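For ligands, and for the atoms within them, numbers begin at 1 and follow the listed sequence. As the structure is a computational prediction, the values presented were derived from the model and not from experiment.
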Amino acid sequence: MPWRRNVLVLLLAFGCLPTIATTAAAQVVDFTLAGRELKEPIKITDQIYQAVGFGNTFLVLTPDGNVVIDTSIVGMAARHYEMLRKISDAPIKYIILTHGHADHTGGVYLWKQDGTQIIAQENFPAFRAYQERIRGYLNHTAAAQFNFDPARIAALGNSPNQQVEPTITFRDKYEFELGGVKFEIFHTPGETPDALSVWIPQYQAAFVGDNLYDSFPNMYTLRGTTPRWPLEYIASLDKVLALKPELVLPSHGLPIQGADRVTERVTKYKNAIQYVHDETVKGMNDGKDVFTLMREIKLPAELDIGEDYGKIAWSVRGIYEGYVGWFDRNPASMYASPPTAADADLVALAGGASIVAAKSREKIEAGEAVLGLRLADAALAHEPTNRDALEAKILALKKLQEGTRNGIEHSWLAFGIRTAQAQLNTVSPKEEAAK
Ligand SMILES: [Zn+2]
């Protein structure tokens with residue numbers, strides 16, 4: 001198993017080596033950093049190579065030319081291309097895109113040659129068009145989540161080399177043969193409506209795109225997404241299991257090798273999704289509100305697949321609102337007035353922002369950082385430049401950061417800290433003294 005040689009490097013690249021338990025803070029697992037340190041691709045078999053990244057690029061060799069499965073994100077694609085072309089510079093006959101997210105399509109322009117076929121599922125163009133329509137929104141959330149310059153993100157998105165036109169699309173199944181190797185491609189909707197999986201019967205290998213992570217999936221992503229339907233993930237993972245693969249290659253993370261390990265991992269993952277779906281639906285039918293279910297629903301120990309990437313609470317809300325939308329049966333929610341609309345008046349009645357900020361600190365110190373954060377936000381609704389409230393807010397956000405391994409949660413907390421700190425920097429000590 002040659003790829004195991006690189007596992008240590010890969011673990012380092014994922015930041016998921018076990019920590020020496022000397023600090024209170026949780027070790028953050030940031031999937032977006034995967035592969036940053038990797039200098040060469042992983043040899044999975046004599047014919048399959050993987051360049052690790054956010055996401056992975058796979059190269060499949062055949063005697064009549066090569067097939068590329070996914071091409072990573074624009075910032076990483078060139079390095080993947082360079083590494084994999086050193087393995088083989090034979091013609092690229094096919095590029096298969098597991099779906100239309102930018103971390104899979106970023107390097108198509110590098111790999112595409114005269115005569116290269118680009119295969120995608122038939123929903124790919126509509127999914128790309130949807131992303132394009134709300135690109136302004138997604139640029140804002142991506143800039144905040146990854147601390148990128150919004151102008152740089154917009155420029156990357158506008159780049160003509162990021163436009164991708166599939167030359168072959170299909171509805172349910174497409175197959176071709178190259179150099180005596182058969183490739184079967186199935187529609188497996190899950191993370192996106194255009195998601196596909198690639199099956200190479202000869203190697204018993206299934207490439208499953210983003211339908212399988214080494215964590216609970218991002219069934220709702222904070223970046224913004226239409227509903228990702230749990231029952232579609234489950235049906236798609238069943239399709240993969242029915243093939244009885246010896247090797248499963250997700251587009252993020254490590255391959256899973258061995259039929260027993262594959263069955264165990266994929267079944268557990270699928271059952272975890274099913275459990276969260278069923279518990280959410282049950283709670284909805286019992287009349288429970290979304291926040292109660294976000295708090296209550298936890299995976300039982302035998303289905304615990306971790307929350308380093310997706311979080312169960314976010315998925316619960318995604319499933320709940322995916323089914324029934326945003327109305328919560330409170331008549332006040334019918335109107336253009338947020339639940340926090342009365343905060344400024346309530347803070348004034350309580351005696352002002354600094355008094356509420358003191359209550360916020362009290363809650364944070366008692367281990368209720370989320371409540372402390374809400375109190376600090378209320379104080380700031382009353383007085384946006386109140387130093388005590390800004391400091392309490394930063395303290396709450398830092399406490400929450402210390403308590404999470406989830407890279408996405410960590411990033412959004414960092415965004416909150418940067419924003420509050422920038423506001424705090426505008427509060428001059430003079431202004432403060434004058435109060
Ligand atoms: Zn991806």
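Salt-bridge formation is not detected for the pair D278/K282: no Lys NZ or Arg NE/NH1/NH2 atom is positioned less than 4.0 Å from an Asp or Glu carboxylate oxygen. Salt bridge present: E132 and R135 bring a charged side-chain N and a carboxylate O closer than 4.0 Å. Salt bridge status for R317 with E321: present, with a side-chain N to carboxylate O gap under 4.0 Å. For the pair D64 and K93, the salt-bridge criterion is not met [side-chain N within less than 4.0 Å of a carboxylate O].
When all heavy atoms of L249 and A205 are compared, the pair lying nearest together is CD1-CB, 4.0 Å.
Panel detail: the Zn ion (ligand 1) has protein N, O or S atoms under 2.8 Å away, 4 in number.
Between the H80 side chain and the Q50 main chain, no donor and acceptor come within less than 3.5 Å of each other.
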